Amino acid sequence: MLRRRLNRWLGRDERRVDSRSICVGHRSSSNNEAFIPPKFCDNRIVSSKYTVWNFLPKNLFEQFRRIANFYFLIIFLVQVIVDTPTSPVTSGLPLFFVITVTAIKQGYEDWLRHKADNEVNKYPVTVLEQGRRVRKESEKIKVGDVLEVDEDETFPCDLILLQSSRDDDTCFVTTASLDGESNHKTHYTVPDTEKDLESLNATIECEQPQPDLYKFVGRMHIYKTDQEPAMRSLGPENLLLKGSTLKNTQTICGVAIYTGMETKMALNYQGKSQKRSAVEKSINAFLLVYLCILVSKALVCTTLKYVWQNKPGQDEPWYNEKTQREKDTNLYLKMFTDFLSFMVLFNFIIPVSMYVTVEMQKFLGSFFITWDKDFFDPEIKEGALVNTSDLNEELGQVEYVFTDKTGTLTQNNMEFIECCIDGFQYKYQDAGTDLDEFCVTDGPVNKVQHKAGREKEELFLRALCLCHTVQVKESPQQGQGQRDGLMDRVDGLGTDGEGLHPPPQEQRGFIASSPDEVALVKGAMRYGFTFLGFESKTMKILTRDNDVERYELLHVLNFDPVRRRMSVIVRSKSGDTLLFCKGADSSIFPRVRQEEVERIRMNVERNATEGYRTLCVAYKYLNAEEYAQADAGLREARLALQDREEKLMAVYNQVETGMSLIGATAVEDRLQEEAAETMEALQGAGMKVWVLTGDKMETAKSTCYACRLFQRNTELLELTVRTLEDGGRRREERLHELLVEYHKKAVQDAPPVKAGVTRAWSSANHDYGFIIDGATLSMVLNSSSESNSSRYKNLFLQICQNCTSVLCCRMAPLQKAQIVKMVKNSKGSPITLSIGDGANDVSMILEAHVGIGIKGKEGRQAVRNSDYAIPKLKHLKKLLLAHGHLYYVRIAHLVQYFFYKNLCFILPQFLYQFFCGYSQQPLYDAAYLTMYNICFTSMPILAYSLLEQHICMEVLLDNATLYRGIAKNGMLQWGPFFYWTLLGVFHGLLFFFGVRYLFGNPALQDNGQVFGNWSYGTIVFTVLVFTVTLKLALDTRHWTWINHFVIWGSLAFYVFFSFFWGGIIWPFLKQQRLYFVFANMLSSVSAWLVIILLILLSLLPEILLVVFRKPRGPHAGQMKPVHSSAGGHQSPRSSARPLLMRTFSDESNTVI
Amino acid sequence: MMASSYTAKEEDGHITVSGPGALRSRKPENTAFKQQRLPAWQPILTAGTVLPAFFIIGLLFIPIGIGLFVTSNNIKEFEIDYTGVDASSPCYNCSQSFSWNSSRPCTCSIPFYLEQPYESNVYVYYGLSNFYQNHRRYVKSRDDSQLNGDPKSLMEPSKECEPYAFHENKPIAPCGAIANSMFNDTLELFYNDPNGTKVQILLNTTGIAWWTDKHVKFGNPGRNSPNLTAAFQGTTKPINWRRPVFDLDADEANNGFINEDFIVWMRTAALPTFRKLYRIINKKSGMVPTLPRGNYSLEVVYNYPVRSFEGRKRMILSTISWMGGKNPFLGIAYITVGSVCFFLGVVLLLIHHKCGNRNNNADISN
């Protein structure tokens, strides 16, 4: 912790020197004699927290920083220092136990981290030193070392690629373990470095380490003996990150620039912000109440004690004199110590064991998610992943679901559907006999059966073949190798399901960073244009006429989400320089001639409404002059050390203008399995589903319809750039107008809905869907005037909250998080859940209360940052409706039960003070005080909280509405808490006074002998243990053998322990208080009778309540048909009188 | 909660160099436990299932309660307060003129009349009121290892016994406030025969303490040594005692720490008003009642002061049944609970009957 903070501080300090200089291979340049090699940190990764010698103090310090532990430590210290009724052991032992267990757990985890660290730090690497290869341990790498890395090895630190064994000076890298993207990425060597690294004399100037994985700027100065020093720019494409793996390349050489804790990987592992569940907040609130009870109890007792002592003869009767020291003590000090003593006596009301049990329940309970075979996906051969166990119960409380579209609602498995060339629509038909021929269907554009010119067609297909960054999977050996690379996005094999048998025709594996590109290249292949791959900066394509055409790749203008397009500049054989550009319609249309746009726009929009992803393709010829200008601009921008991004962007924008549109493509992204059913179930469970996507509105809207988020009768309220521009007035005004109008429609006119059980989703009369896009959202959120902004935000929120589903399209990742945050902080602070699969969802996953990652195709970043990860969207239903519901019920019951059982444990002890002269005399023996929470009553509730299924999983899944029953933290509101507290008080009073009246005559044995105070306590305690355990048994709806074993087992253990404890004169005990007390108690018939009576009487109201409550709820109603079909003895009347039943159950609800 | 989640998050912030998740590609085992499909009994309490239970409880509890009530009523109990607070009371003088050092014991005699003969064994109790035997300072003021006969503790009583551990630099045996304040009134019963003679009733001093206490928990130092006086050599008697501990009874088996009066006293009472078993009057053979109807007198050697803390002293004569002494509480409680259950059963049945057996359907079990 401290170290990290120090590092951060140092890092900031270092950043003032905004770049670092590195001598490649430690050969200082000739013209820079005064150069002092700066000190960099070594390449040791330290992830462990402790060392052997600081473990104990540091761990103890960490543990006692927690409020709960600290509270118990204070109690313990008070017991040690002050003369208190219970020995320090009673609270010291549990505390010691908890601390030890935690310390062992953390020590073990740290040991694992040490081991992992060592594995990495001791990993042998090859360093080139003066021409020799030296094997070294990884931790000894210094900045400036030249390293050699072989295929399938992981880079030991951040390297600048100097040399590759491949001819084209590239290497392939997979960053699967870094950001989860398993596709192969191409990295390039620094241009013009000499082949002989031995004689390379160069320095690298680069920025100080920063965590952004995809940003890097640097410069390399190459000194040659006979020339001016050359300067080469370095970008992320030259940087090999620690943690990524070399693929498809035999060996590379690189120079280390960032090492150890300064690598981008290490800088990226910053802690996530802590998420706390609503249940925890409830627990803390209850804790406060109990703390108040505790303090007030102690205060009442202290006050009464001094009032009582004021009467003559009470304070110090002749039979009970004080010691000299007690007499000498100051009165106020005595009052204070008395108060502390009472606190200690009653402190069991807040037990250490509750924390332990809650922890255990969460930790063990989360295993059921990982173990669930329904979450197992045979495709990726993985099940669910639980990253944090703190939020299990939050899964049962979700009110808002924010979902990503691509990859989450849809499969992100692209298929080329159709294209439109020059306004003519082409649809590929599988059945078509002539593969070479386009099948032309008549689109709405073109009534006449007609085709675009062949020239245009071919240009379009060439564009598809050239404008991409797809790699061809090289050799057949490589192709076979992919079966172990499960996650490899290789098209043409695995994904089409043809991977098992050899493909009939030449099948190519394509590797790309985006599945769209592969789909497009494959689409082009179907029409006869095959991309054959790169041959050192030359792209080869096979045309329809089986000619191989070669194009020299001059520049790639990379894709980025802001521009939403990418381009390539190629030079054909004939010497023409061409720019091909593809991108989203919105980013292409303004950059092409407008008359072309109209022909294609309709097609694009039609495709979009059908749910396809559309891309527009454009091109332009560059004459020599234009190209030279562009080339110079690009090179200059690439060399820039500062603001490179901005400069590049400016050049890109400048180059990509004045293009002519050729056509558009439509790629289908199929819906995930059971996406619609899942969404329907979530809505049925009362959750509001918001779709946040970066995609176009039309596409997203059609996906929403397909997922049944929007129904036929849903009235859509649109707030997009288009609707804003409709009125022809200023946007701001229109926005205001629309907001007010929608608000009137959705909020004011809607009948008031009852909180909690909203039925709005099912009734057709006010079923609204809301659509907003990113630009409008930013207008809403960042309105020009301050007052408007908050007002708009309010209106917007209110509208959204009254809509069943909301679609936000064209969202930037940060905007997604903004929306989540806005809803999260709105009135009633609803519980939000974000689900997504890509890096662009990370911000919203981190922002929401519960973040769910889908182990999809867009890498592992979402999974790593999520709280739970599931393979498919459909698993969300079970995760929330079954697991979440059960976890919530379990933990809520656990918490309430814990407070209850400790209240009725301590209340008799409190009441006893009124009968023992407020002398802090404990009612129970110390062993009972200590063991009550640890042994006698802890296991049944733990078993309950792990195994309980008050409604079985199938029913929960079938009846989404059941989820509403526990919405809004229903079981942990003040109402139920008050009920449990009342129950605890009732039980406590009953136990104490029941036995009190029995002891009106303490001669309870049939031989006339009498019972003393320890017998009194033991009887109360026996009733207590049995009642509390049986109360849990009554609440248990799902009795597995474990429940039986644990419940009856702990009762038996109590009896056994009591016999044992009272059966021996314990040499280490000062007082043999319980010697044969328990046995004598059992020999008394009266004691038996009173125990049975009190247990029964305590449980009676509970049983009554259960009976009367039972018919309520959908649960019983659900059970009925199941039973009537199964059991044969149902009465014929039962089915005939459902109405009467319902009225009765309703009545009984109101009566009770 | 606020405890461990904190660390869990801290750990998240650290670098896990080899992700454990990457290795976990195994299919989850399809066991009943892991899939949460353990065979389970799913009881649902309904009026249908609970109704018979209510009736059974009612039918069981009412007879038990009646039995208890009758038994308790049949127990004969006679109680007499001999504190001597009233000036009219025979013990008034003794209570007024009390001093610890008086060499001559004060005695008083209280006549009473038993209206019914006591047929079986009669148990004699003494009762104290407003006497806080359960005060913490009092309860802990004892040394159980000393009482068990440990020679080391005999000479070095536990600190808990303070301020009754040492007297004049000698260890007190038995030490502590409980022992020091041992009840030392002597109660004697006389039967005033109609023919004028005054017959002393034989009071049995044994069988009043728990067997385990007398034989295991308590023991004289040097257990079997014949000479108790020697065993207690070097110790002194508790300050308030008139006689040393080895002189409590003439009977060797009831002397020293294993004196039963002492053991009974050492079992601290639960409540400030309590009774302790004092003597047992065994039933004579034949048809003669243990205590026939008639006039009796209680002769008290008044040693125990209670007026300083407004306490009361009582003598109780009681017969005993299988349920112990007289206590109507249990009987009444059982009758009440039984009737309530029965009543609820009837109410439930009425509701149940009125609405048909609708609940039968919901009664599902696996």
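Just so we're on the same page: letters track the sequence lines, and every chain starts at 1. Everything numeric in this text was worked out from a predicted model, so none of it was measured.
Heavy atoms of Leu38(B) lying under 4.5 Å from chain A belong to its backbone as well as its side chain. Contact annotation for Tyr138(B): both backbone and side-chain heavy atoms come within less than 4.5 Å of a heavy atom of chain A. Heavy-atom distances place both the backbone and the side chain of Lys322(A) under 4.5 Å from chain B. With a 4.5 angstrom heavy-atom cutoff, Ser308(B) touches chain A via backbone and side-chain atoms both. Contacts between Ile1042(A) and chain B at a heavy-atom distance below 4.5 Å involve the side chain alone, from C-beta outward. Looking at Pro39(B), only its backbone comes within 4.5 Å of chain A, counting heavy atoms on both sides. Interface residue Leu344(B): only side-chain heavy atoms are found under 4.5 Å from chain A. Proximity to chain B (any heavy atom under 4.5 Å) is restricted, for Glu326(A), to the side chain, taken from C-beta onward. Looking at Ala269(B), only its backbone comes within 4.5 Å of chain A, counting heavy atoms on both sides. Neither the backbone nor the side chain of Ala53(B) has a heavy atom closer than 4.5 Å to any heavy atom of chain A. Contact of Ile178(B) with chain A is not made at all, since no heavy-atom distance falls under 4.5 Å. Contacts of Ile64(B) with chain A are made by side-chain atoms alone, with heavy-atom separations under 4.5 Å and no backbone atom involved. Val50(B) touches chain A through its side chain: at least one heavy atom from C-beta onward sits under 4.5 Å away, while N, CA, C and O do not. Residue Asn121(B): no heavy atom, backbone or side chain, is found under 4.5 Å from chain A.
A donor-acceptor pair under 3.5 Å is formed between the side chain of Tyr912(A) and the backbone N or O of Ala270(B). A donor-acceptor pair under 3.5 Å links the side-chain atoms of Gln1071(A) to the main chain of Lys140(B), judged by distance alone. In this structure, the side chain of Gln1072(A) does not engage the main chain of Lys217(B) through any donor-acceptor pair within 3.5 Å. Side chain of Gln35(B) to backbone of Trp371(A): a donor-acceptor contact under 3.5 angstrom is found.
For chain B, the option among Gly1017(A), Gly994(A), Ala1087(A) with the highest count of heavy-atom pairs below 4.5 Å is Gly994(A). Chain A forms the most heavy-atom pairs under 4.5 Å with one residue out of Asn148(B), Thr319(B), Leu68(B), Val216(B), and that residue is Val216(B). In terms of heavy-atom pairs under 4.5 Å with chain B, the best-connected choice from Val1085(A), Leu1004(A), Asp372(A) is Asp372(A). Per-residue counts of heavy-atom pairs under 4.5 Å with chain A were compared for Phe61(B), Phe274(B), Tyr304(B); the largest is that of Tyr304(B). Comparing Cys341(B), Ser321(B), Ala209(B), Ala32(B) by heavy-atom pairs within less than 4.5 Å of chain A, the highest count is held by Ala209(B). Considering only heavy-atom pairs separated by less than 4.5 Å from chain B, the leading option among Ile1065(A), Leu1089(A), Leu947(A), Leu1096(A) is Leu1089(A). The candidate from Ser318(B), Ser158(B), Pro272(B) with the greatest count of non-hydrogen atom pairs under 4.5 Å with chain A is Pro272(B). For the set Val264(B), Ile208(B), Val340(B), the count of heavy-atom pairs under 4.5 angstrom toward chain A peaks at Ile208(B). Comparing Phe367(A), Phe1011(A), Phe999(A), Phe1076(A) by how many heavy-atom pairs each has under 4.5 Å with chain B, the most go to Phe1076(A).
Atom CD of Gln1009(A) and atom CD1 of Ile280(B) lie 7.0 Å apart (nearest 0.5 Å).
Counting heavy atoms of neighbouring residues, nucleotides and ligands inside a 6.0 Å radius, atom NZ of Lys1070(A) does not exceed 12 of them. At most 12 heavy atoms of other shown residues, nucleotides or ligands fall within 6.0 angstrom of atom CD in Glu310(B). For Trp1041(A), the CH2 atom is loosely surrounded, since the number of other residues' heavy atoms within 6.0 Å does not exceed 12.
Of all the heavy atoms in Asn134(B) and Phe915(A), the pair that sits closest is ND2-O, 3.0 Å. Of all heavy-atom pairs spanning Trp210(B) and Val1010(A), the tightest one is NE1-O, 3.4 Å. The shortest non-hydrogen separation linking Tyr123(B) to Asp1006(A) is OH-O, 4.5 Å. Ala333(B) and Leu1093(A) make their closest contact through CB-CD2, 3.5 Å (heavy atoms, listed as atom of the first residue, atom of the second, distance). Residue Ala1003(A) comes nearest to Tyr125(B) through the heavy atom pair CB-OH, 3.2 Å, listed as atom of the first residue, atom of the second, then distance. Of all the heavy atoms in His883(A) and Gln36(B), the pair that sits closest is CE1-NE2, 3.4 Å.
Listed by first and then second residue, the side-chain hydrogen bond (donor to acceptor under 3.5 Å, both in side chains) pairs that reach into residues 267-280 of chain B are Asn1001(A)-Arg275(B), Asn1013(A)-Thr268(B), Glu77(B)-Arg275(B), Gln133(B)-Lys276(B), Asp213(B)-Arg267(B), Asp261(B)-Arg279(B), sequence neighbours excluded.
Residues Tyr132(B) and Asn320(A) form no side-chain contact, since every pair of their non-hydrogen atoms from C-beta on lies 4.5 Å or further apart. With contacts defined as side-chain heavy-atom distances shorter than 4.5 Å, the pair Thr212(B)/Asn1080(A) qualifies. At a threshold of 4.5 Å between non-hydrogen side-chain atoms, the residues Ser181(B) and Trp318(A) count as touching. Using a 4.5 Å heavy-atom threshold, the side chains of His135(B) and Gln921(A) count as separate. In this structure, the side chains of Phe329(B) and Val1090(A) come closer than 4.5 Å at one or more pairs of heavy atoms. The shortest side-chain heavy-atom distance between Leu271(B) and Tyr1016(A) falls under the 4.5 Å cut-off. Counting heavy atoms from C-beta outward, Asn1007(A) and Ile320(B) have side chains that stay 4.5 Å or more apart.
Among residues two or more places apart in sequence or in another chain, the side chain to side chain contact (heavy atoms under 4.5 Å, CB included) test is passed with Ser145(B) by Asp143(B), Asp150(B), Ser153(B).
Taking the centre of each ring, Tyr319(A) and Phe309(B) come in below the 6.0 Å mark. For an aromatic pair to be called close, the ring centres must be under 6.0 Å apart, and Phe368(A) with Phe33(B) satisfies this.
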Check the pair Leu1100(A) / Phe54(B) against side-chain contact (heavy atoms from CB on, under 4.5 Å), numbers first and verdict last. CA-CA 9 Å; Leu1100(A) 199 64; Phe54(B) 274 110; 3.4 Å; yes

Could you give me the CA-CA distance, side-chain angles and deciding distance for Leu330(B) and Ser1086(A), then say whether side-chain contact (heavy atoms from CB on, under 4.5 Å) is met? CA-CA 8 Å; Leu330(B) 263 183; Ser1086(A) 296; 3.8 Å; yes

Should Arg137(B) and Glu321(A) be marked as a side-chain contact (heavy atoms from CB on, under 4.5 Å) after you check the CA-CA gap, both sets of side-chain angles, and the distance that decides it? CA-CA 9 Å; Arg137(B) 205 186 319 130; Glu321(A) 275 169 25; 5.9 Å; no

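For the 3.5 Å distance criterion, the side chains of Gln920(A) and Arg136(B) qualify, holding a donor opposite an acceptor.
Looking at Glu162(B) and Arg325(A), no side-chain N of the basic residue comes within less than 4.0 Å of a carboxylate O on the acidic one, giving no salt bridge.
None of His1038(A), Gln949(A), Arg1037(A) except one satisfies the side chain to side chain donor-acceptor pair (under 3.5 Å) rule with Gln42(B); the exception is His1038(A).
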